[in-house]
Structure formats: C-alpha cells, structure tokens
Amino acid sequence: MPEEDLVELKFRLYDGSDIGPFRYSPASTVAMLKERIVADWPKDKKIVPKGANDIKLINAGKILENNKTVGQCKAPFGELPRGVITMHVVVQPSLAKMKTEKKVDEAPKKNICSCSIL
C-alpha cells in the first residue's frame with residue numbers, strides 16, 4: 001500500500017497521555033486498533049484494560065464499533081494532509097465482571113425502621 005494512503009492515528013488516554021502515533025491502513029478494523037492499544041498500554045497506569053473488550057474508542061464524538069474500518073470512521077476534518085487523527089480511549093470493564101464484583105461488595109442490608117409513633 002502506498003505510504004500516502006495510510007492513516008496516522010494517536011490514542012489519547014484518560015490522563016491526557018498518548019499512545020502513538022501509528023500508521024494504519026484504511027482497511028484496518030477498530031478491533032485491530034483496540035488490540036494494539038492493549039498491547040502498547042503503559043505499565044505505570046492505575047487503570048489497565050484486561051482486553052480489547054474493555055476499551056471504547058471515540059472519534060469525533062462517536063463511539064466506534066469493532067467491525068468498522070479506519071476508512072469508515074474518519075471524520076471529514078480528518079482529511080487534513082499529513083494530519084494526525086486523535087482518538088480518545090475510555091476503559092470500561094465488561095458488564096459481566098462489574099455485576100460479579102458488585103454482588104461480592106454488597107453486604108446484606110437490614111431493614112431498620114426509625115419511625116416514632118406518638
């Protein structure tokens with residue numbers, strides 16, 4: 001693929017630091033981008049994704065779907081020559097894991113009435 005067809009992306013993390021920039025083919029999928037982010041995730045961060053499913057990518061205010069390609073996700077203003085497109089990364093643990101942790105953390109609640117009848 002010719003060099004000029006590649007899309008240059010960087011990924012902005014929750015604390016303002018970046019991963020990248022890297023060059024991708026417009027045919028690369030969002031799932032492939034997420035795998036790369038997990039592989040290159042800085043080791044010194046407090047929040048670390050366990051896998052690609054824990055990551056949401058946002059570009060131009062839209063959450064990107066795993067099956068979409070980079071070419072399909074480019075915003076019109078991403079057409080700047082030699083411009084680097086910044087995508088935002090949100091780490092969100094999977095719902096199954098969150099439900100399991102929630103059940104463990106909840107202690108049984110006792111119903112106590114604090115009403116006074118005069």
Side-chain angles (χ1 to χ4, degrees):
M1 172 164 283
E3 183 81 16
E4 61 270 0
D5 289 345
L6 297 177
V7 179
E8 194 166 10
L9 302 174
K10 70 178 176 180
F11 305 100
R12 177 80 29 100
L13 305 181
Y14 63 91
D15 63 354
S17 61
D18 293 331
I19 297 176
F22 302 111
R23 292 178 168 271
Y24 293 96
S25 160
S28 299
T29 63
V30 171
M32 292 167 63
L33 301 180
K34 289 180 178 183
E35 290 294 334
R36 175 78 184 259
I37 292 168
V38 170
D40 290 346
W41 193 267
K43 305 297 182 215
D44 61 338
K45 301 293 180 199
K46 290 182 182 177
I47 300 172
V48 178
K50 301 262 188 277
N53 289 334
D54 290 349
I55 294 177
K56 303 282 187 227
L57 278 181
I58 301 171
N59 185 37
K62 295 186 183 191
I63 296 175
L64 307 181
E65 298 173 24
N66 286 344
N67 60 347
K68 298 285 186 186
T69 65
V70 171
Q72 293 171 324
C73 297
K74 284 194 331 185
F77 57 81
E79 299 294 332
L80 300 172
R82 301 282 180 212
V84 177
I85 299 170
T86 301
M87 293 188 176
H88 295 269
V89 179
V90 177
V91 179
Q92 180 178 352
S94 62
L95 288 175
K97 180 184 172 193
M98 288 175 58
K99 286 181 182 178
T100 305
E101 287 179 1
K102 188 174 184 181
K103 288 179 184 176
V104 172
D105 291 341
E106 287 182 5
K109 295 180 182 177
K110 296 179 182 178
N111 291 332
I112 299 173
C113 180
S114 62
C115 301
S116 298
I117 300 175
L118 299 174

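Both backbone and side-chain heavy atoms feed into the values below; hydrogens, waters and symmetry mates do not. One-based numbering along the sequence shown.
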Trainee: Is Ile63 atom CD1 crowded by more than 12 heavy atoms from other residues, nucleotides or ligands, each under 6.0 Å away?
Mentor: no
Trainee: Which heavy atom in Asn67 sits nearest to a heavy atom in Gln72, and how many Å separate them?
Mentor: O-OE1, 4.4 Å
Trainee: Taking all heavy atoms of Leu64 and all of Lys34, pick out the closest pair and write down the distance.
Mentor: O-NZ, 4.5 Å
Trainee: Should Met87 and Tyr14 be regarded as members of a common hydrophobic cluster, given that ILVMFWY residues are connected when their side-chain heavy atoms come within less than 4.5 Å of each other, either directly or indirectly?
Mentor: yes
Trainee: What heavy-atom pair brings Val84 and Pro21 nearest, and what distance separates the two atoms?
Mentor: CG1-CB, 4.0 Å
Trainee: Mind checking side-chain hydrogen bond (donor to acceptor under 3.5 Å, both in side chains) for Asp15 and listing every partner two or more places apart, or none if nothing turns up?
Mentor: Ser17, Lys45
Trainee: Using the rule that two of Ile, Leu, Val, Met, Phe, Trp, Tyr join whenever any of their side-chain heavy atoms come within less than 4.5 Å, decide whether Val91 and Ile19 are in one cluster.
Mentor: yes
Trainee: How long is the gap from CD1 on Ile58 to OG1 on Thr86, to the nearest 0.5 Å?
Mentor: 13.0 Å
Trainee: Grab the two heavy atoms, one from Pro49 and one from Val38, that are nearest each other, plus how far apart they are.
Mentor: CG-CG2, 4.3 Å
Trainee: Where do Tyr24 and Met32 land on the side chain to side chain contact (heavy atoms under 4.5 Å, CB included) test, with the steps shown first?
Mentor: CA-CA 10 Å; Tyr24 293 96; Met32 292 167 63; over 6 Å; no
Trainee: Can you name the nearest heavy-atom pair linking Thr29 to Asn66, along with the distance?
Mentor: CB-O, 3.7 Å
Trainee: Lys10 and Gly20: which non-hydrogen atoms are nearest, and at how many Å?
Mentor: CB-C, 4.3 Å
Trainee: Go through the structure and list residues passing side-chain contact (heavy atoms from CB on, under 4.5 Å) with Val89, not counting sequence neighbours.
Mentor: Phe11, Leu13, Ile37, Trp41, Ile55, Leu57
